[in-house]
Amino acid sequence: MIAFWFSGILLVFYVFHVVERLFRIPWIQIELIFCAIWTMLFLIASICVSTVNSAAYTTAAFFGFCAMIFYGYDAWLKFNAHKTGEIAQGQRRIVQTVVTQQTPTAFPA
């Protein structure tokens with residue numbers, strides 16, 4: 001349930017553009033670590049559940065492996081985004097100001 005609620009909260013953050021407002025937080029790295037951890041946890045849980053010989057446990061193992069694949073794919077996407085230096089959402093505009101300094105002359109024109 002932690003993965004479900006965390007993913008839901010992140011979805012709400014993306015829908016309401018909270019991620020853009022809090023751009024100093026490394027969202028891509030947070031999501032990468034989160035997805036990688038849950039990929040491993042779903043793998044372990046699905047392997048443990050698949051050892052029980054029951055239809056309900058087999059179904060649970062199937063959906064656990066499906067969740068593992070989705071979180072693994074998302075971790076891969078976040079890794080590639082982190083590697084290329086992408087931002088979490090939107091576009092960041094970089095405004096550069098050029099300041100020129102005039103040298104004072106002894107004889108003004």
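- Taking a 6.0 Å sphere around OH of Tyr14, one finds it holds more than 12 heavy atoms contributed by other residues, nucleotides or ligands.
- Criterion: ILVMFWY side-chain heavy atoms under 4.5 Å apart, direct or through other members. Under it, Ile28 and Leu77 are not part of a common hydrophobic cluster.
- Nearest approach of Val49 to Ala60, heavy atoms of both residues: CG1-CB, 3.9 Å.
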Does Asp74 form a side-chain contact (heavy atoms from CB on, under 4.5 Å) with Phe34? I'd like the steps, not just the answer. CA-CA 10 Å; Asp74 195 26; Phe34 171 77; over 6 Å; no
Between Phe23 and Val19, is the side-chain contact (heavy atoms from CB on, under 4.5 Å) condition met? List the steps. CA-CA 6 Å; Phe23 64 91; Val19 173; over 6 Å; no
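- Phe65 and Phe42 have their aromatic ring centers separated by at least 6.0 angstrom.
- Checked by atom type and distance alone, the side chain of Ser50 never pairs as donor or acceptor with a backbone atom of Ala61 at under 3.5 Å.
- Between the side chain of Thr51 and the backbone N or O of Cys48, at least one donor-acceptor pair lies under 3.5 Å.
- From Met68, atom CE reaches atom CG of Leu41 across 12.0 Å, with rounding to the nearest 0.5 Å.
- A continuous path of ILVMFWY side-chain contacts below 4.5 Å connects Leu10 to Phe16, so both sit in one hydrophobic cluster.
- Ile37 and Trp76 fall into different hydrophobic clusters, where Ile, Leu, Val, Met, Phe, Trp and Tyr are joined by side-chain heavy atoms under 4.5 Å apart, directly or via other members.
- A distance of 12.0 Å separates CG in Leu11 from CH2 in Trp5, rounded to the nearest 0.5 Å.
- By the criterion of side-chain heavy atoms lying less than 4.5 angstrom apart, applied directly or through intervening Ile, Leu, Val, Met, Phe, Trp or Tyr residues, Phe6 is grouped together with Val12 in one hydrophobic cluster.
- Grouped with Phe63 in one hydrophobic cluster are Phe62, the linkage being side-chain heavy-atom contacts under 4.5 Å among Ile, Leu, Val, Met, Phe, Trp and Tyr residues.
- Of the inter-residue distances, the one linking Phe13 atom CZ with Glu20 atom CD reads 13.5 Å to the nearest 0.5 angstrom.
- A donor-acceptor contact shorter than 3.5 Å links the side chain of Trp27 to the backbone of Leu22.
- Taking hydrophobic clusters as Ile, Leu, Val, Met, Phe, Trp and Tyr residues chained together by side-chain heavy-atom distances below 4.5 Å, Tyr71 shares a cluster with Ile30.
- Taking CD of Glu31 as the reference point, atom OG of Ser7 lies at 8.5 Å (rounded to 0.5 Å).
- Put simply, the side chain of Leu43 reaches to within 4.5 Å of the side chain of Ile47, judged on heavy atoms.
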